[in-house]
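The structure appears below as structure tokens.
In the text below, chain A, chain B and the rest are named by the order of the sequence lines, each starting its count at 1.
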Number of protein chains: 2
Amino acid sequence: MAEDYVELIAELIESRGEARPVEIAERFGVKPPTVTKNISRLKAAGLVRREPYRAIFLTDAGRELAEACRRRHRIVVAFLLSLGIDEETAERDAEGIEHHVSTTTLEAFEHALLQSESGK
Amino acid sequence: MAEDYVELIAELIESRGEARPVEIAERFGVKPPTVTKNISRLKAAGLVRREPYRAIFLTDAGRELAEACRRRHRIVVAFLLSLGIDEETAERDAEGIEHHVSTTTLEAFEHALLQSESGK
DNA sequence: TAGATAAGTTAGCCGTGTCTAACTTTGGGA
DNA sequence: TCCCAAAGTTAGACACGGCTAACTTATCTA
């Protein structure tokens with residue numbers, strides 16, 4: 001959960017300037033109370049900084065985690081695309097797959113990606 | 001959860017002749033009461049047939065699900081291996097990845113597998 | 001065949017992630 | 001400026017998947 005949240009929060013801050021619960025709820029297809037509860041868990045975990053009714057910000061730890069997740073996500077998506085999978089499916093599957101990919105496997109994906117690029 | 005259970009139960013029946021809670025608990029690294037609870041959920045879902053204190057059997061639906069899962073598992077593992085990933089990592093990652101792979105992506109894996117086989 | 005031991009179950013707890021219903025706060029018009 | 005709608009929170013419920021402690025059943029062996 002935490003990974004998906006910080007990833008999305010980082011994206012929202014980048015694209016919108018701030019991250020709001022209502023947008024998070026829409027993107028994940030959950031209801032606002034779920035977001036409130038999860039955000040407070042992220043806060044307890046030191047990933048997020050925030051006061052009630054205000055926008056959500058990432059701590060340094062949160063930003064680091066988000067960066068690692070986004071990088072991993074990009075690699076997985078790019079890899080699936082390189083296999084000829086359509087964008088929508090690649091995005092959807094990557095969402096699930098990325099949390100189960102070890103460093104070893106991620107490196108293998110990167111390596112395969114380089115091969116396919118040189119061979120195109 | 002259900003998929004992992006029926007997959008393992010099918011394996012145990014094949015290799016041992018029957019599936020016993022104690023073995024399931026060991027393989028998943030959980031305690032026996034967890035297995036009892038989950039088996040009764042599988043029974044409620046119509047995937048498993050069983051009386052208390054006896055071995056566990058799959059229903060037709062359970063067997064079908066198990067077969068689909070095992071096939072998918074084999075493909076994911078073979079695909080990861082074809083990327084040069086070591087067996088242990090391939091097994092471990094496949095366990096997580098397999099539940100998030102759409103039919104489209106599974107087919108792409110199979111296709112890539114054929115390519116790599118013809119090219120070796 | 002009677003115990004002891006291994007296997008399995010039951011009861012009750014916890015954390016996670018979800019929901020609905022009802023409330024509060026914020027902020028932008030009229 | 002005041003009020004209303006949108007955003008956010010709180011309270012309380014639920015299912016899932018895990019645990020420990022304590023109990024019951026099955027089985028093996030002396």
Item to check | Student check: side-chain heavy atoms of His73(A) and Glu91(A) closer than 4.5 Å | outcome: yes
Checklist entry - Between Arg41(B) and Lys37(B), is any pair of side-chain heavy atoms under 4.5 Å apart? => result yes
Checklist entry - Is a side-chain N or O of Thr59(B) found less than 3.5 angstrom from the main chain of Leu47(B), in a donor-acceptor match? => result yes
Checklist entry - Do Phe57(B) and Val48(B) have side-chain heavy atoms sitting under 4.5 Å apart? => result no
Next on the checklist: Over 60° means perpendicular and under 30° means parallel, so tell me whether Phe28(A) and Tyr5(A) are parallel, tilted or perpendicular.
Outcome noted: tilted
Checklist entry - Quick one: are Val30(A) and Asn38(A) in side-chain contact, heavy atoms under 4.5 Å? => result no
Item to check | Interface with DNA chain C, restricted to residues 47-55 of chain B and to heavy atoms under 4.0 Å | outcome: Arg50(B), Pro52(B), Tyr53(B)
Item to check | Heavy-atom check, side chain of Val101(B) versus side chain of Ile75(B), under 4.5 Å | outcome: no
Item to check | Arg92(A) and Thr89(A), any side-chain heavy atoms less than 4.5 Å apart | outcome: yes
Distances under 3.5 Å only, N/O to N/O: pair up the protein atoms with those of nucleotides 18-20 of chain D.
unit_1: dG18(D); atom_1: OP2; unit_2: Asn38(B); atom_2: ND2; d: 3.1
unit_1: dG18(D); atom_1: O6; unit_2: Lys37(B); atom_2: NZ; d: 2.3
unit_1: dC19(D); atom_1: OP2; unit_2: Lys31(B); atom_2: N; d: 2.8
unit_1: dC19(D); atom_1: OP2; unit_2: Thr34(B); atom_2: OG1; d: 2.8

Item to check | salt bridge (charged side-chain N to carboxylate O under 4.0 Å, His left out) partner of Arg70(B), chosen from Glu7(B), Glu98(B), Glu3(B), Glu14(B) | outcome: Glu14(B)
Checklist entry - Can you pull the contact range of chain B along DNA chain C, 5' to 3', using atoms under 4.0 angstrom from its heavy atoms? => result dG8(C) to dC13(C)
Checklist entry - Glu95(B) versus Asp4(B): any side-chain heavy-atom pair under 4.5 Å? => result yes
